[in-house]
Number of protein chains: 2
Amino acid sequence: MATIQGVAELAGVSTATVSRALAGKSTVSDTTRRKVEDAAHQLGYVASATASSLASGRTRNVGFVLPVLGSWYYGSVLKGANRALADAGYDITLYHLEDTDRHPERRERLFAEFLQRKRVDAFIAVSVELTEAELTRIHGLRKPMVGVGGPLAGVTTLSLDDRAVAHLATSHLTSLGHRSIGYIGGEEADNLDFQLPRHRREGYEAALAEAGISADPRHRAIADFTIQGGYEAAKQLLGDPRVHPTAIFAASDEMAIGAILAARDLGLRVPEELSVIGIDGHELGEFFELTTVDQHPVEQGRLAAAALLAELRTGAAGAAGVALELPYELKVRRSTAVPPGERA
Amino acid sequence: MATIQGVAELAGVSTATVSRALAGKSTVSDTTRRKVEDAAHQLGYVASATASSLASGRTRNVGFVLPVLGSWYYGSVLKGANRALADAGYDITLYHLEDTDRHPERRERLFAEFLQRKRVDAFIAVSVELTEAELTRIHGLRKPMVGVGGPLAGVTTLSLDDRAVAHLATSHLTSLGHRSIGYIGGEEADNLDFQLPRHRREGYEAALAEAGISADPRHRAIADFTIQGGYEAAKQLLGDPRVHPTAIFAASDEMAIGAILAARDLGLRVPEELSVIGIDGHELGEFFELTTVDQHPVEQGRLAAAALLAELRTGAAGAAGVALELPYELKVRRSTAVPPGERA
DNA sequence: CTGAAAGCGCTTACAG
DNA sequence: CTGAAAGCGCTTACAG
């Protein structure tokens, strides 16, 4: 394990010069730089992150805070962020805000201890809901932070326009001629959350209204964003003779896939007898030929990292509090078509 | 941002004593300890990880190396490891060995730069296939390392007995009376990999032999461990009139789910006309009522962390090179039953 | 363009 | 049980 001392001796210069040369500072002559690089390469020298951090105040490490590990969505965002940060020379340290209800002490410890260690230069937080107290603590750290799925008070946030996304998905169905459109959404609990379920329902209703269709509570079902939940909710909608939708819009792809499976079990052909559309761009969407509004999670991670790197470069967390909009895209696959009896 | 200085002044002791008191060293009197703790609490002091690491040589940070981000399996292992390590006061820094074929320079940089920064005390590597050169570099770091899914030369490895697992799954089918059992496995490329596909096939064949059934190459299909791959492979097996299996054993749950969906599309009822079993314990297994051999990925992560913490505590990487066996468990759900025509 | 020196904020022998 | 002091391995004003 070579140290900067060893490199300095081998190259015949001071450690200060080694540090400058390897950091790519412009104040080093080309000859010297080459000597230093050769020596460093020969010894396999890489500066100790720990010593470098203590001296410079920069860790080249970003904290990534997320509530779920093992799901496709969060993993994808993480992947996109990691790629962009690694390319910029940054590591990622993980902070899993797991299962607050059952393990409040773990969450407490995360904010009281782990986040206070000054191990990272900045944070990315995905779909994290923070209390006032937690937000105060985060701000007390005085580190740049970018949220995905916000908004978080005083934090730069990248978020999806959930109303617009739901409006687009529903309009896709009305423009095909559907008039009886079921909706599978999430619980609209009045808690810390980001209002995502409510916004998506509002987008759905706005699109219905535009098409001159009156919203009917019997056309709506609540689920938990999983395949199983979507399956059960769809069975309720499809099994109710008073509803009889010709299309279903689900607020997530997994719920939409559940709806497709429910339709199959009920003997309904998709899309001939039932159209289904979701939101996400889930990896399983292709296999199920699911029409969806893709929110490009990997790209979301990349954008979050890019925004953070920009704040890190300019120094001041100048952009703090700004809200940026994430891109989305309608992807029409086989699961949506004109209503039954309207084929050309 | 309080420093150890501030705490020392407030408590009226030296910084050395603050350090010792907060580290829980036994050589501090109870009164002093209390004074220090009060002062630290009052100031919201937490030792800087960076300064502590440089002084002590310990980072309280573990590197987690994995080839895939965004999949259920790796996310689950990560979750289990993170939980156990966080409870012991450790952070996790992520090293994503992504897509080596398309981005060899990223992989190279990871080994040449990121891993050399001495940011972590130890490594956990999941299903990572390393070249000789990479292994040499890792060993040059002289840090404890635990592999999951190994084996890696000179590294403590936790692995599944793939032959035994496949044998168990297949025997479950033969013991129900199945004689014509299809197999969906993975490509047995002769590369760096861990021979997992080969071992699972061998376990399948051994169980067949025990039941007096001769192995037939036409009963085997190759896929890529995904739902889509399993679906296509199952269609081949089920569509071939010369094969006509009454059961399918897939080397992963996702492929098994693909097989269930293929059976549905071919009008075959599961389990009445076709039994299906997988390996994994995938979160979707319950919804599809899939019989499986659960390999408990979250628990695998926990065990890896525990093994690593043990090495870290005893100092010497004493257990290096040891191979430990991971637990597994047959979970019988609705997707397997006696062959057609044999119901009581 | 380069070097000597201070300093980042801790931990830990060493002495007492 | 406690403190003074050295040292971990870098970076960065400061001088030249």
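Within every chain, numbering begins at 1; the chains are lettered A, B, ... in the order of the sequence lines, protein sequences first and strands thereafter.
- At a threshold of 4.0 angstrom between heavy atoms, the contacts of B/R33 with the nucleic acid are absent.
- In the 5' to 3' direction, nucleotides of DNA chain D lying under 4.0 Å from heavy atoms of chain A begin and end at D/dG9 to D/dA13.
- In terms of the side-chain hydrogen bond (donor to acceptor under 3.5 Å, both in side chains) criterion, A/S71 has no residue partners (sequence neighbours excluded).
- For DNA chain D, the neighbouring residues in residues 8-24 of chain B, judged by any heavy atom under 4.0 Å, are B/V13, B/S14, B/A16, B/T17, B/R20.
- Counting only Watson-Crick and G-U wobble pairs whose two distances sit under 3.5 Å, DNA chain D takes part in these stems of three or more pairs: C:1-3 with D:14-16, C:5-12 with D:5-12, C:14-16 with D:1-3.
- Mapping B/D30 and B/L54 onto DNA chain D via the closest heavy atom, the residue that lands nearer the 5' end is B/D30.
- Every residue meeting the side chain to side chain contact (heavy atoms under 4.5 Å, CB included) condition with A/A122, not counting sequence neighbours, appears here in chain and number order: A/P144, A/L308, A/L312.
- The salt bridge (Lys or Arg N to Asp or Glu O under 4.0 Å) test applied to A/D87 returns B/R106, not counting sequence neighbours.
- Nearest-nucleotide mapping onto DNA chain D: of B/S29 and A/S53, the residue sitting toward the 5' end is B/S29.
- Contact check for A/T157 versus A/L324: no side-chain heavy atoms found under the 4.5 Å cut-off.
- With sequence neighbours excluded, the residues that form a salt bridge (Lys or Arg N to Asp or Glu O under 4.0 Å) with B/E299 are B/R302.
- By the salt bridge (Lys or Arg N to Asp or Glu O under 4.0 Å) test, B/E37 is found to be paired with no residue, residues two or more places apart in sequence or in another chain being considered.
- Under the salt bridge (Lys or Arg N to Asp or Glu O under 4.0 Å) criterion, B/R142 pairs with no residue at all, not counting sequence neighbours.
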Cut-off 3.5 Å, no hydrogens considered: what does the side-chain donor-acceptor table look like for residues 6-15 of chain B, sequence neighbours left out?
residue	atom	partner	partner atom	Å
B/S14	OG	B/A16	N	3.4
B/S14	OG	B/T17	N	3.2
B/S14	OG	B/T17	OG1	3.3

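- Listed by first then second residue, pairs satisfying side chain to side chain donor-acceptor pair (under 3.5 Å) with a partner in residues 39-62 of chain A read A/T59-A/D121, A/N61-A/T93, not counting sequence neighbours.
- Pairs engaging residues 60-79 of chain B under the ring-ring contact (aromatic ring centres under 6.0 Å, His included) rule: B/W72-B/H282 [sequence neighbours left out].
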